[in-house]
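For ligands, and for the atoms within them, numbers begin at 1 and follow the listed sequence.
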Amino acid sequence: MQETEKSNLNLLTEEDYEALAIEYEDAMNKAMASIEIMDRSMERSEGRNPFEQYESRIKEYGSVEEKCGRKGHPFTLESVKKNILDIAGIRITTAFRDDIYRVVEILHQFPDFVILDEKDYVKNPKPNGYSSYHLHIEVNIFYPGFGSKKFPIEIQIRDKAMDFWATIEHSLKYKNANLPEEKREKIEKMFRELADALTKVEEKAIKLRDS
Ligand code: 0O2
């Protein structure tokens, strides 16, 4: 669709999205700075540090448009602000599965983060085997002369084995979407088996750590 057609329909233009994304980036950077403080504080404490790696990203314009379409939301500025909660996303990776819950506990204690909702796909994996802990948090940013604004951020927490699974599954998702039904089912089954095998490896790793 042409940019002129988009503005006629009040659809979100790439230019408007870029302006919006800058504000989300401020909120994301603030949250990342807080996570770095948590990590460094855990590093100094006596126990093991559950934070292994963390990274952030701003969702691309095309992905926001695709997600609005997939979820049946209008692709307008107001709708995107209300419905797309992962414009700013942070992924935290842990070494062990049980570290995920230590990270969740620490995030809950942090006063700058208001937890909006959370989904535990670690205890309740998706039927395809996807397993991660998701939280939506809200971060407050003060803009001199404008006042405070609140921004949602999605935080995904998973261990390294789960991250390996999700990265492969994500990269093959679009490729597999056009496969014949029978072949797709076979691949989905292989992904479920891979997730089960990785869960067993994770359990062994925890046993090794605790032995
Ligand atoms: P992308 O391209 O990774 O950004 P919500 O985001 O909460 O409004 P939903 O569907 O209720 O939407 O949330 P859900 O299922 O918790 O998934 C949100 C995000 O988790 C996805 O964002 C993915 O990043 C990741 N995710 C969820 N399910 C899967 C899965 O089966 N495989 C992989 N690899 N990742 C998954 P997006 O925007 O869908 O995708």
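Phe75 and Tyr17 have their aromatic ring centers separated by at least 6.0 angstrom.
The shortest side-chain heavy-atom distance between Asp159 and Asp99 does not fall under the 4.5 Å cut-off. When side chains are defined from C-beta on, Arg209 counts as touching Arg48, because their heavy atoms get closer than 4.5 Å.
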Run Glu188 and Asn128 through side chain to side chain donor-acceptor pair (under 3.5 Å) and show every step you take.
CA-CA 6 Å; Glu188 280 171 8; Asn128 63 356; over 6 Å; no
Output, in order, the C-alpha distance, side-chain angles, deciding distance and verdict of side chain to side chain donor-acceptor pair (under 3.5 Å) for Tyr133 and Gln156.
CA-CA 6 Å; Tyr133 199 104; Gln156 298 182 349; over 6 Å; no
Apply side-chain contact (heavy atoms from CB on, under 4.5 Å) to residues Ile84 and Lys71 and explain how you reach the verdict.
CA-CA 10 Å; Ile84 306 299; Lys71 301 259 173 189; 5.6 Å; no
Applying side chain to side chain donor-acceptor pair (under 3.5 Å), run through Asp16 and Thr13 and close with a yes or a no.
CA-CA 5 Å; Asp16 286 343; Thr13 63; 3.3 Å; yes
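If you number the atoms of ligand 1 from 1 as listed, the ones under 4.0 Å from a heavy atom of Asp86 come out as 4 (O), 22 (O), 38 (O). Taking every non-hydrogen atom of Arg70 and a distance limit under 4.0 Å, the qualifying atoms of ligand 1 come out as 37 (P), 38 (O), 39 (O). In summary, the atoms of ligand 1 found under 4.0 Å from a heavy atom of Arg57, numbered by their order in the structure, are 4 (O). The contact set between ligand 1 and Lys71, taken as ligand atoms under 4.0 Å from a residue heavy atom, comprises 9 (P), 10 (O), 11 (O), 12 (O). Close approach of ligand 1 to Tyr121 (heavy-atom distance below 4.0 Å) involves ligand atoms 14 (P), 15 (O), 16 (O). Of all the atoms in ligand 1, the ones that sit under 4.0 Å from a non-hydrogen atom of Gln156 are 19 (C), 20 (O), 23 (C), 24 (O), 25 (C). Near His136, the atoms of ligand 1 lying under 4.0 angstrom from a non-hydrogen atom of the residue are 7 (O). Heavy-atom contacts of Ala166 reach the following atoms of ligand 1: 34 (N) (cutoff under 4.0 Å).
By the 30° and 60° cut-offs, the orientation of the rings of Phe110 relative to Phe113 is tilted. The aromatic rings of Trp165 and Tyr130 sit tilted, their planes meeting at an angle between 30° and 60°.
At a 3.5 angstrom cut-off on N or O pairs, Arg91 does not count as close to ligand 1. Note: an N/O pair closer than 3.5 Å links Lys119 and ligand 1 by distance alone. Taking distance alone, with nitrogen or oxygen atoms compared against 3.5 Å, Arg158 stays at or beyond that limit from ligand 1. In terms of polar-atom proximity, defined here as any N/O pair under 3.5 Å, Trp165 makes no such contact with ligand 1.
Rounded to the nearest 0.5 Å, atoms OG1 (Thr94) and CD1 (Ile157) are 8.5 Å apart.
Of the listed residues (Lys59, His170, Lys126, Glu169), the one carrying the non-hydrogen atom nearest atom 33 (C) of ligand 1 is Glu169.
Of the heavy atoms in His73, none comes closer than 4.0 Å to ligand 1. Of the heavy atoms in His134, only side-chain atoms (C-beta onward) come closer than 4.0 Å to ligand 1. Counting heavy atoms closer than 4.0 Å to ligand 1, residue Asn128 contributes side-chain atoms (C-beta onward) but none from N, CA, C or O.
At a 4.0 Å cut-off, not a single heavy atom of Glu66 sits close enough to ligand 1 to count as contact.
Remark: Lys123 qualifies as a cation-pi partner of Tyr101 under the 6.0 Å distance and 45° angle criteria applied to the six-membered ring.
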